[in-house]
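Worksheet: the structure to be examined is printed underneath.
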Amino acid sequence: MEVLTTTEMERADRLTIAAGRPGFALMMSAGQAVAEAAMDLVEEGPIVVVAGRGNNGGDGFVAAAELAARGREVSVILLCERDSLQGDAALAARGWKFPVLPFNPQAIGKPALIIDALFGAGLNRPVKGDPLEMIEAINANGAPVLAVDLPSGINGTSGAVMGAAINAVETMTFFRRKPAHLLMPGRKHCGRVRVADIGIDPGVLEEIRPQTSENVPQSWQKSFPVPEIDAHKYARGHAVVLSGELASTGAARLAARGALRAGAGLVTVASPRDALAVNAAALTAVMVRAVDTVVEFAELVGDRRLNSIVIGPGAGINERTRDLVHTALSTKRGLVLDADALTSFADAPERLFESIKASEDPQVVLTPHEGEFPRLFSDISNKHPGRSKLERVRDAAERCGAVVLLKGPDTVVASPDGRASIASNAPPSLATAGAGDVLAGIIAGLLAQGVPAFEAACIGVWLHGEAAAEAGPGLIAEDLSEVLPAVFRRLYDEYGIEY
């Protein structure tokens, strides 16, 4: 499902109005959707609408009038003088036949519900003065808050908190989600997000051509690999996972199991000889091959049947790992670079980027977390709060020429061509040792089956999050690959994917 920036959403509104649907009709539909949500949240008791001077406030006035018409006790607190409202917001205010309360925190009282219609998605500067005091008072009030479009104080495109922000239990947005509904910290402030159809024709998306989507099966299910009825293991691809030294073998085995569970027909762990017995004793369906040198690795992956590679989990941070990465890139295989493979280039990231770009049509996925990301992209790291996670990952993908997957509760995947997805299905239990290794393996398993790098990364992230939810509390990394069959069954059932 498409995700629209605030600029793209404004354009969707303009295109709809230009096509003949008045802006006030959109506002009426939005306000009525907010009123419906309010009725669902609280069946009785007073409701307070805190309205701003723009269209978000207009939505609030429409909601207030609708609720009053349904017999609910409603009051409106307005940021500005009523006579100063303009455009559709002024029209909406005329539909409110009662007085407005002064913009004073004491006017909130003790309602059953507060509707936050103060700023919405368009805020782009820090909240100060009276609005800041009002936001703090709403949060301290204790009443549940229904936010209109976005909790006030959240930047709609970046998800950043602009000084202070409303903590909502539910957010009603319109037509499509915005990045801030999915990106942290904005997502924490939204509560449950509902999307209302207010009469915008989805056809406007053909002109807007948004490049961001929510990472859900509807976005990639056409690329999901389903084996043919006559498929055999060799047709499903062969993934190779590079193992670390004797004391660092577990990460590679986690990745290998992930690749096998994701559907790769065969998986081989390329193991140092001194770790061969350890890896062989701990693996059954996964094969083990002795590889000590870069030359031996090149001989292994020179076999064209081995079509995806994972380098990084437990590999070691050194020149040898860099040489292995360059060798893998020269073979033009699907490649996942994680952990040590990324950190090994921390002092010379351009060497990695040049090697990626030298590959023809590189199917390469980099999978850093926030600690690893700055080692390759120091000038667009998380030390620059003005740049959203979505923007940072897009810039990184363009710079390095590979798909970049920046992990977290709001994992973002971006392609060098500008496409990006944001995931919101990762439970906090995924914050456990080895979980990222399994993700790297899942993506490699998808690459082995011929899934393009961007789609493989998106599918892998979604499966990873769903597997964690399936495993539940107490999750350890080993559980993730074991519960993947249940996730696949649900995916087939719920989204009509034939197996």
Salt bridge check: are [X] and [Y] linked by an N-O gap of less than 4.0 Å?
X      : Y      : value
Lys389 : Asp410 : yes
Glu370 : Lys407 : no
Glu8   : Lys178 : no
Arg176 : Glu214 : no
Arg387 : Asp379 : no
Glu296 : Arg273 : yes
Lys332 : Asp361 : no
Arg194 : Asp40  : yes

Q.
With a 6.0 Å cut-off (strictly less than), is the heavy-atom count around CD of Glu319, excluding the residue itself, greater than 12?
A.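 Buried by this count: over 12 neighbours within 6.0 Å.
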Q: Assess whether side chain to side chain contact (heavy atoms under 4.5 Å, CB included) is satisfied between Phe175 and Val204, documenting all intermediate values.
A: CA-CA 11 Å; Phe175 185 51; Val204 301; 4.0 Å; yes
**Q.** Test log, rule side chain to side chain donor-acceptor pair (under 3.5 Å), inputs His238 and Thr268
**A.** CA-CA 8 Å; His238 191 155; Thr268 294; 2.8 Å; yes
(Q) Among Val301, Leu306, Asn307, Leu300, which residue satisfies the side chain to side chain contact (heavy atoms under 4.5 Å, CB included) criterion with Thr331? (A)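 When side chain to side chain contact (heavy atoms under 4.5 Å, CB included) is applied between Thr331 and each of Val301, Leu306, Asn307, Leu300, only Val301 qualifies.
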